[in-house]
Engineer: 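Quick one: the structure is below, questions incoming.
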Amino acid sequence: MSQHDSATVVETPVIPRPYRGRAGLLWGLLGVLAFSFTVPFTRVAIADGGLPPLFVGAGRAVIAAALAGLALVVTRQALPRGRQWLRVCVVALGVVVGFPVLTSFALTTSSASHGTVVIALLPAATAVAAVVRTGERPRGAFWGAVAVGAVCAVAFAVLQGGGIGALHPSDLLLFGAVLAAAIGYAEGGLLSRELGAWQTISWALVVAAPVMAALTVFSARGGVSGTTSGWWAFAYLGVVSMFLGFFAWYRGLAIGPMTTVSQVQLVQPVFGITWAALLLGESIGWSTVLGGLAVIAAATAAVRTRTR
């Protein structure tokens, strides 16, 4: 049966597989900028705003799911098919359930600066997940840049946070959040090539909505009260961190190369600690400036490394 036969269905990826120059990096950077407010605003919502951690972690997904459902209905998007539903569930477990809930509980005892210590490992974790999932084969120089970048990012965050110290339960939660996000990012980047970037996160939000809504109701059973700043931070987490930010991030990963675009996250600790200083009053010294330059240099080396 020929390709032009009427009974033949020829599928064209929503985002073509051939890489388009630096477009993936630019989209990825836009997503990282949106995500960089997540840790400081989560801290604001919980520690300063007085909102329960489970309410913040689950409730922001409910807000995003409502927006996602509306967008899917208005634009009349086709339903995922077959195994795509299973892959949507993987994305949902990673970035809709795992990362938000785990980081929310971790930041009840961990500062925003300390939270970036572990989250700074996310670029390397995403690169590994992408290699395992996609079969991309980066050169040795790429892995060297990943290792240097991860060390620079963690060292920068450690110096800003005053040291890691002993391993606390909050650190274990953050490690789990990194693992969940890395898997969700890699699978979401692949699925975005078939469904589209914003469609992928939208379907993941809709799939997870019943569970997250139940958790939100459970967390609010005794009533929820918070400050004005806490509610504004919560609104940002729901609209941008859980929804709009993924439009750019998954599109960047889909254009790829995924292992390279993932390294743009190395600048997120710089952004995050800057926002933490402005929002939470943390001081910024020369160590911040020098550490930030080192992180950006490592990220630049990683993204300039070609994959084969």
Engineer: Testing the basics here: between Phe37 and Tyr236, what is the closest heavy-atom pair and its distance to 0.1 Å?
Structural biologist: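 Heavy-atom minimum between the residues: CD1-OH, 3.3 Å.
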
Engineer: Mind checking whether Trp203 and Leu67 sit in one hydrophobic cluster, side chains of I, L, V, M, F, W, Y counted as touching below 4.5 Å?
Structural biologist: yes

Engineer: With the 4.5 Å side-chain cut-off for hydrophobic clustering, are Trp249 and Leu179 part of the same group?
Structural biologist: no

Engineer: Verify the cluster assignment for Leu215 and Val56: are they in a single hydrophobic cluster under the rule of side-chain heavy atoms below 4.5 Å apart?
Structural biologist: yes

Engineer: Hey, any chance Met212 and Trp85 share a hydrophobic cluster, counting ILVMFWY side chains that come within less than 4.5 Å of each other, even indirectly?
Structural biologist: yes

Engineer: Does the gap between the ring centers of Phe55 and Phe234 come in under 6.0 Å?
Structural biologist: yes

Engineer: Nearest heavy-atom pair of Tyr250 and Tyr185: which atoms, and what distance?
Structural biologist: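 In terms of heavy atoms, the two residues are closest at CE2-O, 3.8 Å.
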
Engineer: Under 4.5 Å between any side-chain heavy atoms of Thr227 and Val44, yes or no?
Structural biologist: no

Engineer: Nearest 0.5 Å, please: how far is OG in Ser202 from CG in Leu195?
Structural biologist: 10.5 Å

Engineer: Could you walk me through whether Leu30 and Trp27 satisfy the side chain to side chain contact (heavy atoms under 4.5 Å, CB included) test, starting with their C-alpha distance in whole Å, then the side-chain angles of each, then the deciding distance to 0.1 Å, before giving a yes or no?
Structural biologist: CA-CA 5 Å; Leu30 181 60; Trp27 281 109; 4.2 Å; yes

Engineer: So do Leu102 and Leu174 actually touch side chain to side chain, heavy atoms under 4.5 Å?
Structural biologist: no

Engineer: Find out whether Val206 and Leu72 are in side-chain contact, i.e. whether some heavy atom of one side chain is under 4.5 Å from a heavy atom of the other.
Structural biologist: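 In short, these two side chains touch, coming nearer than 4.5 Å.
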
Engineer: Look at the side-chain heavy atoms of Ile, Leu, Val, Met, Phe, Trp and Tyr, link any pair under 4.5 Å apart, and say whether Leu107 and Leu54 land in one connected group.
Structural biologist: yes

Engineer: Less than 4.5 Å apart, side chain to side chain, heavy atoms only: is that true for Phe35 and Phe246?
Structural biologist: yes

Engineer: Please step through side chain to side chain contact (heavy atoms under 4.5 Å, CB included) for the pair Leu244 and Val239, ending with a clear verdict.
Structural biologist: CA-CA 6 Å; Leu244 296 180; Val239 176; 4.0 Å; yes

Engineer: With a 4.5 Å cut-off on side-chain heavy atoms, are Val39 and Thr103 touching?
Structural biologist: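 No. Closest side-chain heavy atoms not under 4.5 Å.
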
Engineer: What pair of heavy atoms forms the shortest contact from Ala204 to Val91, and how long is it?
Structural biologist: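 So the two residues come closest at CB-CG1, 3.8 Å.
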
Engineer: Rounded to the nearest 0.5 Å, what separation is found between the OG1 atom of Thr200 and the CG atom of Leu191?
Structural biologist: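 Separation between the atoms: 4.0 Å.
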
Engineer: Find the distance between CZ (Phe105) and CG (Leu173) and round it off to the nearest 0.5 Å.
Structural biologist: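 Phe105 atom CZ to Leu173 atom CG measures 8.5 Å (nearest 0.5 Å).
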
Engineer: Treating Arg251 as the side-chain partner and Ala248 as the backbone partner, does any N or O pair qualify as donor plus acceptor under 3.5 Å?
Structural biologist: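 No, the answer is negative, given that no donor and acceptor are paired below the 3.5 Å cut-off.
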
Engineer: Do the side chains of Phe243 and Ile63 get nearer than 4.5 Å, heavy atoms only?
Structural biologist: no

Engineer: Roughly how far, to the nearest 0.5 Å, is CG of Leu172 from CZ of Phe175?
Structural biologist: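 The distance works out to 7.5 Å.
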
Engineer: Given 3.5 Å as the limit, does a donor-acceptor pair link the side chain of Gln84 with the main chain of Arg81, or not?
Structural biologist: yes

Engineer: Under the 3.5 angstrom rule, does the side chain of Arg60 hit a backbone N or O of Ala235 as a donor-acceptor pair?
Structural biologist: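 Checking the backbone N and O of Ala235 against the side chain of Arg60, no donor-acceptor pair under 3.5 Å is found.
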
Engineer: For Ser36 and Pro40, which heavy atoms make the closest approach, and how far apart are they?
Structural biologist: O-CD, 3.5 Å

Engineer: Evaluate whether atom CH2 of Trp231 has more than 12 neighbouring non-hydrogen atoms of other residues, nucleotides or ligands under 6.0 angstrom away.
Structural biologist: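 Enclosed.
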
Engineer: Of the non-hydrogen atoms in Ser104 and Pro53, which two are nearest, and what is the gap between them?
Structural biologist: CB-O, 3.3 Å

Engineer: With sequence neighbours excluded, give me every salt bridge (charged side-chain N to carboxylate O under 4.0 Å, His left out) pair touching residues 173-191.
Structural biologist: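 Of all non-adjacent pairs touching residues 173-191, those that pass salt bridge (charged side-chain N to carboxylate O under 4.0 Å, His left out) are Arg87-Glu187, Arg133-Glu187.
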
Engineer: Compare every heavy atom of Val95 with every heavy atom of Ile201, then report the nearest pair and how far apart it is.
Structural biologist: CD1-CG2, 4.0 Å

